[in-house]
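Step one of this worksheet: look at the structure below.
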Amino acid sequence: MAAAAKVSPGRAAGLYAAAAALRLAVFAFLPGLSDLLAARVEVSTPVTSFKRLQEGLFLYNHNVSPYDGGVYHQAPLLLPLFSLLPNFASLPLLTDLVYVVLDLLSARALWRIADSGEAGSSAQFTSPRRAKRWSGFVLAAFFLFNPFTLATCLGRSTSVFTTCAILHAIASAVSGAPFSAMVALTFAGYLSLSPLLLLPPLILLAYDRRRPGGPIPQSGPAFAAVCVAAVAGVLGALFLLSYLVTGSWEFLPSTYGVQLTLSDLSPNIGLWWYFFVEMFDSFRSFFLAVFWLHLSSYVAGLTLRIRRQPLVVLTLLLGILAIFKPYPSIADTSLFLALVPLYRHVFPLMRYTFLSASVILYSAFLGPAFYYLWIYAGSGNANFFYAITLVWGLGQSLLVCDLMFAVLRDEWEVERPEMVGKEIRQI
Amino acid sequence: MRQLFSLLFRLSFFFFFSSLASAADYHEQLNLRPLPQSALLASFNFRSNISVSDFEKGNFRFFPRSLGQILQHAGTHELHLRFSLGRWDAETWGARPWNGAREGGTGVELWAWLEADTNEEADRKWLILTNALSGLFCASLNFIDSTRTTRPVMSFHPEGHHLSLANTQLLYGTLPHEVVCTENLTPFLKLLPCKGKTGIASLLDGHKLFDSSWQSMAIDIRPLCRRRGDCVLQIEQTIDMVLDVDRSKRPRHNPIPRPPPADQLPCDTSKPYHSHDTCFPLDHTTNQDWTLSQIFGRPMKGTCPLTDSKVSPVCIQIPHSRPVYTSEGTKEKKNPDRISRCFQPDPSADFDMALAAPADPSDPEILGPATPLLYAERSFTGYGQERGGVQTILRNPSPHKEVEFIYMETLPWFMRIYLHTMETRIAGESHPDKSLVEQVYYRPAVDRARGTQLEVRMRVPPASTVLLTYDFEKSILRYTEYPPDANRGFDVPAAVITILESPKGGKDAARQAAAYTLRTTSLLCSLPTPDFSMPYNVIIFTSTAIALAFGGIFNMLVRRMVAADEGPEPGLKVLIGKLKSRLGGLKGSVYKIRCRVAEPGTSITPPESEPQRPASTKQHARRGTPEPSQPVSSRVEHEDENDDLSPSDSDSDSDSSADPSDSDAVDFTPSTCIFCNHESDSLEANFAHMHQTHSFLIPFQSSLAVDLQTILWFLHMVIFSYRECVCCGKRRRTVEAVQQHMISMGHCRFDVSEETKVFYDPDLLAAQTAHTATRADENTLRLPSGKVLTRRPERMGDGATASRSSRERLLAGPSTLPAGDVSDSPDANNNTNSNPSSSTLSSDSTSIQALTKKDRRTQALTTQLSKLRVGDQTALIHLSAPEQRAVLAAHKREVDKARRAERRQRRKLDDVGNKTAVHTKYYKQEVPVYMGG
């Protein structure tokens, strides 16, 4: 496995340098493009928008509580972090550098995940097809030059932080560092709540890849308990720190409450906003509960069914989150699409790759057009954009389902080697 | 005489009272001021006082009782209420009347100082106040909720004298959307002591007031103290209106504006091209000449007898050079400033006045407008319904004096403003100038709870223009939060600009009185709107998208994968098969009846599903047909134990060469597992293996009539020769497929059924099954229904699978296994004696149906033969079956070909016919064809 992908350090450095140069060049020479991207609803949601972060930062620096208002809904610790940086309006370079470095760190984590070979052979399952895979270099390149990732980074969406934290959580778990995995996941959850749903499969992944003789107990339940306790402890510490920074607990309803109750109905590429715009007031709470229950229902099912490959569960859950989160953006999709190439070995088993790829491309191009028709041209109404978000969601769910089918079939063919390449059905 | 007396009495009564009342208790005054461009500003002012002690005791005289009680109930110390309409054109009209203190933004504005210790108490009292005023003034003041209420910090200052404002709170609310109209004027006039019947209030007519270019009705209630303890509560009602004189002079009977005839057109004679046939029309007359009754629609009805006689009721600000003519009995008093004069009309007679053109054309017609301290304009920037900006242009006309003011915005919550984008810039400069802003008070909006409050204390340098801009984002609302006219837009209240008294700025800014107040116009903000017509559709579509993803994923989670030809038949196929067999059975019985009643010699077509030889096939195997092709080796293996077990039938189906089972039939070895070909040491070891690995168990072993090897041989034959599942009878092409099917479906089991009963001793079996639901064996359980449950310890034996397959089998049973077939199983032959019931069943074999492909083939042949004419039938009768089939196939091909050719020919003909019909206009096209483009 170690021999699978040895990339010379020069090539790696070249890749990172190219990615960083591309981003910095756009920041420096096409500031209009990055401003345009920052204003797009596909990139900036109420909980990740950089403009809202600036507003929160402005209020924070002027001793107005940013959470006593309807604009800033992001984690409190971003405020002291960004106030340490020089003022964005006068010196944007350092802020841009932070975003570029975060993207590179994410790519590095992805590289580590790919090189571990966890996707092809986990502790309990080894795919017969595992030899056919892409190296970490290719994956990192896919991630760094994915237009969705680029747009997210150039739009300075704060979901870059979440992406980086999630990828590092997975990378740490894969490389046998359960504690740092839990810490990274807690950061992701602290920044945007929904990554906490990844905890069960991440614990399993960390458990499968644990190093014997580590500080954490070896038995399953004890391991899980320690992990959960670590997450709870770190989360508590983060909350306490946030309390100390902002001086009140107001940030809890304003950051997580907004995600739970969807009080800000700004259009985005998800399925929630228009549903709750059109929802009758008396059923609002009920459907909020149903939507959250639906989102969390996948965790248990997938974790149990694909117990033998926890990384698959994480990938599928990230895909599901990218569709069914309250405020999804293309950053979530780019994270999912970054992990999909890990399963190069099951690509031949996927049935609808062309269909899902073309649906995603179709809606990626038509979405901005329909949004323009609705908001600016006035020649279309809200249903145009709503319809394209539906198609986008369907395309992604097709991809998720297809990947899941391919992985399950791969597992099944280990039991039934004679069925390779044959027609099958599900009963 | 009597009338005259009573009139005199009344008059004396009035004079008596007015002399009793303190001179300053009530006065009213109308101030007229002609403005440029034929506009006329009319300011009505009514003022009355009540001492605080009287107010507290409830002795209301001039002060309106209805309002007084509301104030007492809501604990209001000072109250200001404004109803405004239109826009003050400062560029033309100059400074505002009362220095802007008596005007409001478009719509309704209300601010009051309420006595309250806590915010909650203030909110409660505010709610009481707004609701009560809403009823009193017929305005939607009750819609001033928390999202429209702010607590200004710098902008508003109390006008009255308060001992202490420590436990009072200032609340401010606006309703920019409110349309002020006559129904607000009526209650306003009712508050006056003379109720609009006499005095200057009799000039107030709703038609004229709300037809004006700009109007503002104001009510101000404030406490005034001369000395400590000597306080009065003063109510001041003000109406300011700017009338368009030309428009007001339009005759009542002809209110529709029409272009005047050419000879009456007022022309601009100053134009160089003006001549007798060229006219540049003036849009307004330059000199104002009007009468009071012309512009207000009626003359003034005397004076209010309650008013202070020292204050002249009507004043006009116009140069003394212009003559003003009044009604008889009017005293004119020219003020020494030479620009204003006042009139004291006859109290009982109608008063009218006429302004004539100036005597000397060189004299100024009217006073020039006073320059205001500041000009302000506010507008939206940007386009689209996603985001925008607000830009306020503030111009200081004074060449030397800097102006310092407080700019206040109260914005609705759905405008999310970005304060960090706020910047001030002097017009003409490229960089923002931060020094212009001295202080900012900002309270951000909270969704659905609170509006934005922004107060900026800033200054504008002399003779310069400052641009104040900020960005905002428009949020989308829930569809129930939109008004019925959602696409009209949402009104944004006017910005209030309060210019402070001393531009240098004292230490305590809050204590400074306002020198001048102005308000910008209100704005119309259009928000993105959803489609209001389809909440149900959205709910359905979104739910469908979610259900698709959820269903797709959970289908995969709970289902197993099998090969395409494994597993149970899909539900629809089973149903169709059942239906077909039922139909076949029906046809068979009809055929039987027809056979019975038919005359001998007639030929009757048998139904397709009817077996070809119902009578001759006395042994029709349930397990498929190929008995005669029973592999010899299997018989050889068995002859030591069951000599007569070998199948005895020899003539039922001779056409077995096509059956591929012969070629790959496997010899029976008792030590080989029949499910996975696992080799064991002995028969017992094999049974142990099958029990362990496949959960295979033979129930009721104690009541078996034959030994275990026989049963195993039977099952072996079923699997390897017939390639059928021992449990559900499914057929597969290869032995491996059958085995795979049984293993994956959990069909490695053996039930006591009609066909396998022959292996059992009936008496022992009956004794065992007599007590129901008992354990037949240590590992089996027989239910009252007759089903045998066998424990399957480690194979994928979940209950659902087992019960499903047994149910399927029960369903499939009657359709594919006619009862008569059972006795014909090969093993039944040697057990006939032990099983009399089955032998009786065997005789009744008329309802035998086509089960195998071969049977169907022969049936088809028969059917096709029977369709031929009798002569053809006899011609073919000597041929062998394959030859007959070949002949028939050739025949069918020929017939089909001929039929196709004929159809093609006919279609061609029809097409030609249609075309001709269209071209000959036989058919008329009713709908014009849309030529795309």
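Ranked by heavy-atom pairs under 4.5 Å with chain B, the first of A/Trp273, A/Tyr371, A/Phe287 is A/Tyr371. When A/Asn381, A/Leu408, A/Val71 are compared by the number of non-hydrogen pairs under 4.5 Å with chain B, A/Leu408 comes out ahead. Your options are A/Val391, A/Val290, A/Asn383, and the one with the most heavy-atom pairs under 4.5 Å with chain B is A/Asn383. Contact count versus chain A (heavy atoms, under 4.5 Å) is highest, among B/Arg387, B/Arg443, B/Glu473, for B/Arg387. Comparing B/Met556, B/Met534, B/Lys474, B/Glu481 by heavy-atom pairs within less than 4.5 Å of chain A, the highest count is held by B/Met556. Contact tally against chain A (heavy-atom pairs below 4.5 Å) for B/Gly552, B/Pro530, B/Pro528: the top residue is B/Pro530. Contact count against chain B (heavy-atom pairs under 4.5 Å) is highest for A/Ser297 among A/Ala387, A/Ser297, A/Gly378. Among B/Phe532, B/Trp413, B/Tyr536, the residue with the largest count of heavy-atom pairs under 4.5 Å with chain A is B/Tyr536.
Nearest heavy atom pair, residue B/Pro444 against residue A/Asp68, reads CG-O, 3.1 Å. Scanning all heavy atoms of the two residues, the minimum distance from B/Glu386 to A/Tyr376 falls at OE1-OH, 2.8 Å. Nearest heavy-atom pair, A/Gly70 versus B/Asp447, reported as atom, atom and distance to 0.1 Å: CA-OD1, 4.0 Å. Between B/Gln740 and A/Glu418, the shortest heavy-atom contact is OE1-OE2, 4.0 Å. Scanning both residues, B/Arg478 and A/Phe276, for their nearest heavy atoms gives CG-O, 4.2 Å. Residues A/Leu271 and B/Thr542 come closest through the heavy atom pair O-CG2, 3.7 Å.
Of the atoms belonging to B/Ala445, it is backbone heavy atoms, and not side-chain ones, that fall under 4.5 Å from chain A. Contact annotation for B/Asp471: only side-chain heavy atoms (C-beta onward) come within less than 4.5 Å of a heavy atom of chain A. Of the atoms belonging to A/Val400, it is side-chain heavy atoms, and not backbone ones, that fall under 4.5 Å from chain B. Neither the backbone nor the side chain of A/Thr389 comes within less than 4.5 Å of any heavy atom of chain B. For a residue to count as touching a neighbouring chain, one of its non-hydrogen atoms must lie under 4.5 Å from one of that chain's; by this rule A/Asp264 touches chain B with backbone and side chain alike. With a 4.5 Å cut-off on non-hydrogen atoms, A/Ile375 touches chain B through its backbone and its side chain both. The contact between B/Leu548 and chain A is made entirely by side chain atoms (from C-beta outward), counting heavy-atom distances below 4.5 Å. Heavy-atom distances place both the backbone and the side chain of A/Arg409 under 4.5 Å from chain B. Using a 4.5 Å cut-off between heavy atoms, A/Leu316 does not touch chain B at all. Residue A/Arg52 touches chain B through both its backbone and its side chain, counting heavy-atom pairs closer than 4.5 Å.
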Item checked: Stepwise side-chain contact (heavy atoms from CB on, under 4.5 Å) check, B/His420 with A/Leu57 -> CA-CA 9 Å; B/His420 74 271; A/Leu57 203 60; over 6 Å; no

Next item on the list: Walk me through it: do A/Tyr386 and B/Asp531 pass the test side-chain contact (heavy atoms from CB on, under 4.5 Å)?
Entry: CA-CA 10 Å; A/Tyr386 163 65; B/Asp531 186 348; over 6 Å; no

Next item on the list: Using the side-chain contact (heavy atoms from CB on, under 4.5 Å) rule, take B/Leu419 and A/His62 through it: C-alpha gap first, then chi angles, then the decisive distance, then the call.
Entry: CA-CA 11 Å; B/Leu419 195 64; A/His62 287 81; over 6 Å; no

Note to self: Assess the residue pair A/Leu390 and B/Thr544 against the criterion (side-chain contact (heavy atoms from CB on, under 4.5 Å)); give the C-alpha distance rounded to whole Å, side-chain angles, the decisive distance to 0.1 Å, and a yes or no.
What the structure shows: CA-CA 10 Å; A/Leu390 272 188; B/Thr544 308; over 6 Å; no

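For OH of B/Tyr418, the number of neighbouring non-hydrogen atoms (other residues, nucleotides, ligands) closer than 6.0 Å is greater than 12. For CD of A/Glu423, the number of neighbouring non-hydrogen atoms (other residues, nucleotides, ligands) closer than 6.0 Å is 12 at most.
Separation of atoms OG (A/Ser263) and CZ (B/Arg448) is listed at 6.5 Å; rounding is to 0.5 Å. Between A/Leu304 atom CG and B/Leu557 atom CG the span is 9.0 Å, to the nearest 0.5 Å. Distance check: B/Ile546 CD1 to A/Phe324 CZ gives 5.5 Å after rounding to the nearest 0.5 Å. Between atom CD1 of residue B/Ile539 and atom CZ of residue A/Phe280 there is a gap of 4.5 Å, rounded to the nearest 0.5 Å. Atom CZ of A/Arg305 sits about 12.0 Å away from atom CZ of B/Phe554, to the nearest 0.5 Å.
No salt bridge links B/Arg416 with A/Glu55; every basic N to acidic carboxylate O contact stays at or beyond 4.0 Å.
A tilted orientation is assigned to the rings of A/His294 and B/Phe550, their planes being inclined by 30° to 60°.
When side chains are defined from C-beta on, B/Met745 counts as touching A/Ile427, because their heavy atoms get closer than 4.5 Å. Annotation: side chain of A/Lys51 is in contact with side chain of B/Thr421 (closest heavy-atom distance under 4.5 Å).
Of the possible polar contacts, none joining the A/Trp412 side chain to the B/Val562 backbone as a donor-acceptor pair under 3.5 Å is found.
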